[in-house]
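Residue numbering restarts at 1 for every chain, and letters A, B, ... go by the order of the sequence lines.
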Protein chains: 2
Amino acid sequence: MPLLKTSKEEILDMALSVFRKNGYHHTSMSMLAKSCGLQKGSFYHYFSSKEEIMVAVLKNVHDFLKTNVFSIANESNLEPRERLEKMLLKLGTALLSHEGGCIVGNTTLEVAGQNVVFKGILKDIFEDWRLAMKSILKEEFSEGTAGRMAEQSVMEFEGAVMLGQIYETDQYIKDVFVRTLTKMR
Amino acid sequence: MPLLKTSKEEILDMALSVFRKNGYHHTSMSMLAKSCGLQKGSFYHYFSSKEEIMVAVLKNVHDFLKTNVFSIANESNLEPRERLEKMLLKLGTALLSHEGGCIVGNTTLEVAGQNVVFKGILKDIFEDWRLAMKSILKEEFSEGTAGRMAEQSVMEFEGAVMLGQIYETDQYIKDVFVRTLTKMR
DNA sequence: GTCTATATCAAGATAGAC
DNA sequence: GTCTATCTTGATATAGAC
């Protein structure tokens, strides 16, 4: 039984925190290594470049959201409004109460214009987010209206995370949830 | 008469482009120098650090917005709705059709959590933006409603810039303008 | 005011011992 | 799997000639 100081899963969890707080370019390999108790050199045993680990982090986030958040749109045992509420709540707890805001939004504005691989994953995340919202809203609104409302909710959410960073409050995000939910009934 | 290759004003203009496209940490002093035809060493004649020039760029943006955009809120010769339309239009042309989106939003998400000076200027910009919007909307809506609508417009706008980056379209921003304007009449 | 040259440092990444 | 040592590069910043 070998002595493991960490694992690929733990690294991805810690790396998410470090990237979210410091951004991509301002995060160094030694910061990532230190965050899970490794020396810089040891870190390369798990990931062979900074780009590689960022890709893994973003894919991990996407998987988490698909499995635990966006999937709520398909829970047919719940009423549409209950699904919407549950999904927004999950989205909130998944992205709130973390230092550094939202890794998806942060990475989009910092590096999506520089790296097509990052951009592709981020686009997939936004697309799934939009579609999950739309699929719920479609049960109460027309196709077009539901689509526009879904987009608007995503936009407002990311805008709220941004203002929340500046004014150091979660109130904007909570307000977006309430506003989105209110439109449903 | 000395031979000047550039000026502080030109540097600020070019630096804005470079920072907006590449972000703060991914922009190097030699990139900034090159953008206005200088050697890296010569650049330090004008600005003695990267932080200093970023501060100057952000203050420049703030001044521009105050003078040319937010001031429209006080043009008492125009009807409220005309002022709103004019301001949104100016905001659009000021921030659209540039590669890299919005320097305010980009810088907020990339470095506001790391640098209190940047964060202070960005906060002032958002505050003036919010107040300008609110001051117009207050003429048609209650204090509280106008405040909330103003915040929502700012959030949606920044969210639209983000989605616009991903999907490579200006349509989201245009939609936000229309949506904000529609509420006014 | 602009240039070249250079000092200094930190980052990404690799090599090889244990 | 983890470590230390090291290579290489590119960054910020300075010095001094023109």
Would you say the side chains of [X] and [Y] form a donor-acceptor pair under 3.5 Å?
| X | Y | result |
| --- | --- | --- |
| A:His26 | A:Glu110 | no |
| B:Glu51 | B:Asn115 | yes |
| A:Asp128 | A:His62 | yes |

Round to a whole Å and report the spacing from [atom1] of [X] to [atom2] of [N].
| X | N | atom1 | atom2 | value |
| --- | --- | --- | --- | --- |
| A:His26 | C:dG12 | NE2 | C1' | 16 Å |
| A:Lys34 | D:dT2 | NZ | P | 18 Å |
| A:Met54 | C:dA13 | CE | P | 14 Å |
| B:Leu38 | C:dC3 | CG | P | 6 Å |

Of the nucleotides [options], which one has an atom closest to the side chain of [X]?
| X | options | value |
| --- | --- | --- |
| B:Leu4 | C:dG12, D:dT2, C:dG1 | C:dG1 |
| A:Ser30 | D:dA11, C:dC3, C:dA11 | C:dA11 |
| A:Thr6 | D:dA13, D:dT2, C:dG12 | D:dT2 |

Do [X] and [Y] meet the cation-pi criteria used here (NZ or CZ under 6.0 Å from the six-membered ring centre, within 45° of the axis)?
| X | Y | answer |
| --- | --- | --- |
| B:Lys34 | B:Phe43 | no |
| B:Lys123 | A:Tyr167 | no |
| B:Lys8 | B:Phe47 | yes |

- Residue pair A:Met184 / A:Leu137, side-chain heavy-atom distance below 4.5 Å: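 A:Met184 vs A:Leu137: side chains touch.
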- Query: Got B:Leu131 and B:Glu127 here, is their nearest side-chain heavy-atom distance under 4.5 Å?
  - Reply: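 Answer yes - side chains close enough.
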- When the C1' atoms of the five terminal pairs at each end define the local axes, what inter-axis angle does the helix from C:dG1-D:dC18 to C:dC18-D:dG1 show, to 10 degrees?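 The helix from C:dG1-D:dC18 to C:dC18-D:dG1 shows an end-to-end axis angle of 0°.
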- Sugar-phosphate, base or nothing in reach of B:Thr27, heavy atoms under 4.0 Å: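 Since only primed, P, OP1 and OP2 atoms lie under 4.0 Å of B:Thr27, the category is sugar-phosphate.
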- More 5' along DNA chain C: A:Ser42 or A:Met31, using each one's nearest nucleotide?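 In this pair, the answer is A:Met31.
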- For D:dC3, take OP1 and OP2 only and decide whether either is under 4.0 Å from a side-chain N or O of A:Lys5.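 Yes, because at least one side-chain N or O of A:Lys5 sits under 4.0 Å from OP1 or OP2 of D:dC3.
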- Message: Just N and O in the side chain of A:Gln39: are any of them under 4.0 Å from OP1 or OP2 of D:dC3?
- Response: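 Indeed not, no polar side-chain atom of A:Gln39 lies that close.
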- Query: Counting only non-hydrogen atoms, which of residues 44-51 of chain B are less than 4.0 Å from DNA chain C?
  - Reply: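 Close to the strand are B:His45, B:Tyr46.
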- Take A:Val104 and A:Val61 through the test side chain to side chain contact (heavy atoms under 4.5 Å, CB included) and record every step on the way to the result. CA-CA 9 Å; A:Val104 178; A:Val61 167; 4.2 Å; yes
